[in-house]
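A short worksheet on the structure shown next.
Residue numbers count from 1 along this sequence. Note that these values count all heavy atoms, side chains included, but never hydrogens, waters or copies made by symmetry. On a predicted model such as this, the values are computed, not experimentally measured, just so you know.
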Amino acid sequence: MVDAGPGSLYSSRAMDAASELRAYQALAEEVSLLFKEGDLDRALGTAEAALAAQEQTSEPDQLAVASAVSSLAVLYDARGWFAMAEPLHRRALALREETLPEDHPDTILSLENLARACAGQGNWAEAESLYRQVLAAREAVLGCDHVQIAVALDDLAACRQAQQDYAEAESLFKRALHIREDALGSGHPRLCPSLDNLAGLATARRDYPEAERRFADSLAAWERAVGPDHPDVATTLSVLADVVQLQGRDSEARALHERALAIREKALGPRHPEVASSLLRLADLQAASNDGAAAEPPYERALAIQEEALGPGHPRVAATLTGLGLLRASTGRYDEAEALQQRALVIWEKAYGPDHAEVAACLTHLADLRRIRGEYETAQPLYERALSIRTRNLKAAHPDLVTSLNGLAEVYYALGRHDKAEPLYREALAVGEEALGRNDPEVALALNGLAVLLSVQERYDEAEPLYRRSLAIREGSLGPDHPDVAVSLGNLAVMYDAQNRYSEAEPLHLRALSIREATLGPDDPHVATSLENLAEAYRAQKRYLEAEPLYKRALDIREHNLGPQHADLAAGLDDLAALYAEMGRGADAAAAQDRALAIRADAG
């Protein structure tokens, strides 16, 4: 046997290391190619194999491991799995900080990647700290006026905007714009994102006329720079349409969304995620116009595109599931809506962790469904968890807190726990006025809820001014014929009925009924509620012949929507039986009461 000797051993090790390096490089190149092709599933598998290969080499190279870890984390980011990406970004940063100078481009890149993962999960405090480090490091290396500094400024500004520090966000966005103008010239297309950022900031401030002006300027700049049919033009068209819609000009908004959709379908193909984005905006517009039948097909098409292009676990899929769930809930398809929201919740928690703002929003939607179905005991813990998440993560006066407070207050009210409901309504009112202003619809919701609570306690002198203020806010912000205006009218009318102020109540009942029939359709459950309220008022005044057809029509609507054996029909039959009894029609009263008893028996 020939002794190979130590020289041959060293040569063998060198050959093994070279072979391992080539294998890793081949895998890394494949990851890059698959990512560019949009095949994230195969890219993830290959990236995991590349990381394992690098870690299992005879002499792992720290920087190569950092690169492999970072590549895998970036793929998780692309999937929207920021909670999974974050520890990998931290590991890559630690490896690079051990090996490279703090001002090395790869070290700064790891800081930036970690910041984005934190921001993606709503961890704004840490994201801000990291973005400030990135900005300082880039300024130290490149100077304060390099065009790459504008990117760091935009990231930090977006973080401050998310925390509602609009003044600093504006200063940072404007500095980024000036850097780009000085470096690139006033007509360069890379100025357009800065214009969009400032317009988006105006939207966040709810200064919609200013936002519209800025987006229109940005749109003109994009069209000059890249032509009218470029996908970047479609992006600005979409956000401009959103702002136009927020100002109540739905037909203009629809035309802008349709143009954006046409550009994207032609430029990107019909299965591109940005096409799905345009479809969703059109669907949202239809849903907001109470045209659920027109909204559902674009939601479903968008969902199919996103699941194919992004994968079924992507956060954008969760957002679409949420929107489709809300749409189905609005048409009474509560079981379908809950299944969609539950699926969205799983995605949000995997992608962002259990304490993210999107998780809180999804919990709130689920709680709303339970509350609507009268499942108050199961709605309560969902509202409480959502409120806990938002209280921990949001500033004291944030609009999302108002939503959680109002929802939890409504559950406590329904459970008869008025002592707990009242302080929540009052807190929602105070937070809403500070966060949104005194005339926002969310403030009107808190006013209405508190007024209902006070009214059932016969504290009418306290309730009436709240009802009237809620009504005035809704008429001013939503228009005189909005369904929410009908809610305020109906509640105020019911309170007048309780005080025997029938002549004041009747025109309010009639106006509420008219609004609901015109905006929701003649067979909507809310129309049945208005009919029942008016019938009750007529019955109390012994106007039996006017009350009877209203009770009957309300029952027909509920049976049409719920089926002939639904438990909710029993209460309407009880009311009709009571009317017949008062009219001396004993046989009719007994028939109605017998049917109510049969329905309750079937329901268990």
Are [X] and [Y] packed together at the side-chain level, in the sense that at least one heavy-atom pair is separated by less than 4.5 angstrom?
X	Y	answer
P441	L478	yes
E168	L172	yes
L195	W222	no
R160	E128	yes
N197	K174	no
R516	D524	no
V151	R138	no
L345	Q342	yes

Minimal non-hydrogen separation, [X] against [Y], with atom names:
X	Y	value
A211	T203	CB-OG1, 3.3 Å
V359	G353	CG2-O, 3.3 Å
P189	A225	CB-CB, 3.5 Å
Y131	A119	OH-CB, 4.3 Å
P354	R385	O-NH2, 3.1 Å
D523	H560	CB-CD2, 4.1 Å

Please check if the side chain of [X] supplies one atom and the backbone of [Y] the other of a donor-acceptor pair under 3.5 Å.
X	Y	answer
H314	A78	yes
Q306	G311	no
Q247	V243	yes
S171	A167	no
S330	L327	yes
S388	E384	no
N448	A444	no
R328	E336	no

Salt bridge or not for [X] and [Y], using N-O below 4.0 Å?
X	Y	value
D77	R116	no
E210	R205	no
E433	R469	yes
E296	R333	yes
E375	R371	no
E274	K266	no
D154	R180	yes

Next item on the list: Please lay out, stage by stage, how L237 and I263 fare under the test side-chain contact (heavy atoms from CB on, under 4.5 Å).
Entry: CA-CA 10 Å; L237 279 167; I263 291 171; 3.7 Å; yes

Next item on the list: Please test E252 against R259 for salt bridge (Lys or Arg N to Asp or Glu O under 4.0 Å), starting from the C-alpha separation and ending with a verdict.
Entry: CA-CA 11 Å; E252 291 179 57; R259 183 184 162 200; over 6 Å; no

Please report the interatomic distance [atom1]([X]) to [atom2]([Y]), rounded to the nearest 0.5 Å.
X	Y	atom1	atom2	result
L429	E434	CG	CD	12.0 Å
T364	Q341	OG1	CD	10.0 Å
R214	L198	CZ	CG	4.5 Å
L153	H178	CG	NE2	11.5 Å
E86	Y352	CD	OH	13.5 Å
N406	E427	CG	CD	10.5 Å

Next item on the list: Assess whether side-chain hydrogen bond (donor to acceptor under 3.5 Å, both in side chains) is satisfied between S277 and R281, documenting all intermediate values.
Entry: CA-CA 6 Å; S277 177; R281 282 182 152 99; 3.3 Å; yes

Item checked: side-chain contact (heavy atoms from CB on, under 4.5 Å) between L279 and I305, intermediate numbers included -> CA-CA 10 Å; L279 288 167; I305 291 171; 3.9 Å; yes

Margin query: Does L285 form a side-chain contact (heavy atoms from CB on, under 4.5 Å) with Q245? I'd like the steps, not just the answer.
Written below: CA-CA 8 Å; L285 181 60; Q245 181 185 345; 3.3 Å; yes

Next item on the list: Begin from the C-alpha positions of R373 and D335 and carry the test salt bridge (Lys or Arg N to Asp or Glu O under 4.0 Å) through to its verdict.
Entry: CA-CA 10 Å; R373 292 186 294 191; D335 290 342; 2.9 Å; yes

Looking only at side-chain N and O atoms, does [Y] offer a donor or acceptor that is under 3.5 Å from a partner on [X]?
X	Y	result
T529	R558	yes
N393	W124	no
T236	D196	yes

Notebook entry, point to check: Taking the six-membered ring for Trp, are Y76 and W81 parallel (under 30°), tilted (30 to 60°) or perpendicular (over 60°)?
Noted result: tilted

Check: Does CZ in R271 sit with more than 12 non-hydrogen atoms of other residues, nucleotides or ligands closer than 6.0 Å?
Finding: yes

Check: Under 6.0 Å from the NE2 atom of H356, do we count more than 12 heavy atoms belonging to anything else shown?
Finding: yes

Next item on the list: Show your reasoning for whether side-chain contact (heavy atoms from CB on, under 4.5 Å) applies to C118 and L130.
Entry: CA-CA 9 Å; C118 290; L130 291 165; 4.1 Å; yes

Check: Can N123 and E126 be said to form a side-chain hydrogen bond (donor to acceptor under 3.5 Å, both in side chains), step by step?
Finding: CA-CA 6 Å; N123 183 358; E126 184 170 9; 3.2 Å; yes

Checklist line | Working for salt bridge (Lys or Arg N to Asp or Glu O under 4.0 Å), residues R213 and D217 | finding: CA-CA 6 Å; R213 182 188 68 79; D217 289 345; 3.3 Å; yes

Margin query: Here's a test for you: under side chain to side chain contact (heavy atoms under 4.5 Å, CB included), which of T391, I389, L424, L387 qualifies with S404?
Written below: L387

Check: Given the rule in the side-chain hydrogen bond (donor to acceptor under 3.5 Å, both in side chains) test, do D481 and T519 qualify, once you have shown the distances and angles that lead to the verdict?
Finding: CA-CA 8 Å; D481 299 321; T519 58; over 6 Å; no

Item checked: Candidate pair E307 and R343, rule salt bridge (Lys or Arg N to Asp or Glu O under 4.0 Å), full reasoning -> CA-CA 13 Å; E307 288 179 321; R343 186 181 158 201; 2.5 Å; yes

